[in-house]
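This report refers to the structure that appears directly beneath it.
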Amino acid sequence: TGHGQHRRGASVRVAARVRDDEEVVQMKKGWSWRKVSAEAQLLLIGIPVVLWTMLPVYHLFLFAISPRDTATSGRLWPNHPTMQNFEIVFGQKHFYLSHFWQQLGNSLMIAVATGVITLIVATTAAFAISRLKVRGGRTVMNLALFTYFIPAAFLAVPMYKTMANYGLLNNRWSLVLAMVTIASPYCIWVLKQASDKLPWELDEAARIDGASPLQLFRLVYIPLMVPSLVAVGTYALLLAWNEYLYGFLLLSKETDLPLAVALGNFLSADDSPWELLMATGFIYALPPAAIYYAFKRYMVSGLTAGAVKS
């Protein structure tokens with residue numbers, strides 16, 4: 001009798017184990033189907049978004065490699081693609097492109113100067129507000145952010161008047177200063193939020209070792225803020241690179257114009273050379289893309305992980 005009870009108990013345990021295994025298999029199947037369903041939904045959303053985003057870039061390139069007489073034919077690919085449009089642009093062989101290289105250099109100078117000055121202003125301001133806790137710092141930051149309630153286009157005329165009062169019209173630095181003014185509040189806010197996440201133990205340890213505020217800024221704060229600095233620097237640079245309205249208002253000499261403003265000259269003709277406009281625009285879009293792919297590895301978080309000794 002005892003042997004029979006033992007066998008029945010073993011059978012019950014085996015049956016329970018089999019039932020548990022079946023439940024685990026069913027759960028895994030359910031999770032796998034959920035995972036496949038989620039991936040399918042992402043693909044259904046992502047593919048149209050990617051196509052919609054890349055379609056203008058494709059048409060830009062399509063115009064750039066099309067001969068003048070077939071640029072607006074509506075074909076998905078030109079019958080006789082050509083690189084002649086790029087040759088005309090690089091060789092400055094058109095009236096509207098007579099200052100191409102100088103205007104491209106102006107755009108580069110304005111964008112880099114805006115990025116560097118904005119980084120200096122925003123980094124020092126965010127450090128003072130977040131780590132040094134200077135009196136009135138948060139009020140200054142909130143007032144700076146308040147300027148974003150006013151559209152930048154509404155500030156164009158006051159900015160023009162200000163630059164005229166200081167004799168900076170038709171000077172590339174007027175556009176640099178205008179872009180720094182527009183970019184700095186947002187960059188200060190981003191860096192301040194990132195700085196708040198840094199461990200306070202780092203500051204305390206540095207002060208115990210006798211570090212001054214300047215050493216704390218240079219040796220602790222800057223290295224840990226590199227990803228955020230790259231992000232806001234890229235933002236300020238691209239903001240200045242793509243700016244049109246302020247460049248159009250503040251600059252008038254052809255040799256001082258950034259290329260983004262000079263491209264507007266193509267639209268002043270009755271018969272605009274669209275193929276040259278698109279070729280120039282395609283060239284103009286390459287530096288920002290190169291900058292992004294060069295620095296995208298810095299666009300990560302978690303550099304402070306393990307920075308505090310346990």
Side-chain angles (χ1 to χ4, degrees), residues 46-115 172 175-176 179 183 230-231 233-248 251 253-297 299:
I47 291 176
V49 170
V50 171
L51 291 177
W52 181 260
T53 304
M54 295 303 297
L55 194 61
V57 180
Y58 169 73
H59 280 287
L60 181 72
F61 181 70
L62 189 65
F63 268 84
I65 61 172
S66 298
R68 180 176 177 80
D69 55 346
T70 61
T72 57
S73 62
R75 296 178 180 272
L76 293 178
W77 189 257
N79 291 331
H80 305 286
T82 177
M83 301 299 290
Q84 184 180 6
N85 296 325
F86 292 99
E87 180 183 349
I88 294 174
V89 174
F90 289 136
Q92 303 181 138
K93 298 178 180 178
H94 192 274
F95 173 75
Y96 292 137
L97 297 168
S98 56
H99 303 289
F100 169 77
W101 288 109
Q102 188 167 2
Q103 291 165 347
L104 183 62
N106 293 337
S107 295
L108 184 62
M109 173 266 172
I110 292 168
V112 172
T114 299
R172 290 174 295 178
L175 184 55
V176 172
M179 291 296 98
V230 171
T234 303
Y235 162 77
L237 187 148
L238 294 181
L239 182 70
W241 183 265
N242 295 320
E243 179 58 33
Y244 178 84
L245 176 61
Y246 282 83
F248 179 78
L251 303 173
K253 288 179 61 178
E254 288 289 329
T255 53
D256 290 336
L257 292 179
L259 190 56
V261 178
L263 287 176
N265 293 333
F266 282 89
L267 304 178
S268 62
D270 295 332
D271 185 19
S272 299
W274 291 102
E275 71 286 354
L276 297 181
L277 173 61
M278 297 303 172
T280 310
F282 185 81
I283 296 169
Y284 192 66
L286 293 180
I291 291 171
Y292 170 77
Y293 282 105
F295 293 105
K296 70 174 183 178
R297 65 190 182 94
M299 304 278 190

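Starting from 1, each residue takes its place in the sequence as its number.
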Side-chain heavy-atom pair [X], [Y] within 4.5 angstrom cut-off:
X    : Y    : value
F63  : F282 : no
L55  : L51  : no
L251 : V261 : no

Item to check | Within 6.0 Å of CZ in F248, more than 12 heavy atoms from elsewhere | outcome: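 Check fails, neighbour count at 12 or below.
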What's the separation between atom [atom1] in [X] and atom [atom2] in [Y], rounded to the nearest 0.5 Å?
X    : Y    : atom1 : atom2 : value
L259 : Q102 : CG    : CD    : 11.5 Å
L239 : Y246 : CG    : OH    : 10.0 Å
M83  : I88  : CE    : CD1   : 12.0 Å
L60  : M54  : CG    : CE    : 10.5 Å
N242 : L237 : CG    : CG    : 9.5 Å
L257 : N265 : CG    : CG    : 7.0 Å

Which heavy atom in [X] sits nearest to a heavy atom in [Y], and how many Å separate them?
X    : Y    : result
Q103 : E254 : NE2-O, 3.1 Å
G115 : A236 : CA-CB, 4.1 Å
A260 : S107 : N-OG, 4.1 Å
L175 : I110 : CD2-CD1, 3.6 Å
L263 : G281 : CD1-CA, 4.5 Å
T234 : V230 : OG1-O, 2.7 Å

Next on the checklist: Whether the side chain of D256 engages the backbone of R172 through a donor-acceptor N/O pair (distance < 3.5 Å, no angle test) should be reported.
Outcome noted: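 Checked: no pair found.
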Checklist entry - W101 side chain to F90 main-chain N or O, any donor-acceptor pair under 3.5 Å? => result yes
Item to check | Parallel, tilted or perpendicular, as decided by the 30° and 60° cut-offs, for the rings of H94 and Y96 | outcome: tilted
Item to check | Test side chain to side chain contact (heavy atoms under 4.5 Å, CB included) applied to L108 - qualifying residues, sequence neighbours left out | outcome: V112, W241
Checklist entry - Listed by chain and number, what are the side chain to side chain contact (heavy atoms under 4.5 Å, CB included) partners of W77, not counting sequence neighbours? => result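 Residues passing side chain to side chain contact (heavy atoms under 4.5 Å, CB included) with W77: Y58, F61, L62, I65, P81.
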Checklist outcome for this item: Here the side-chain hydrogen bond (donor to acceptor under 3.5 Å, both in side chains) pairs for residues 78-89, sequence neighbours left out, are E87-K93
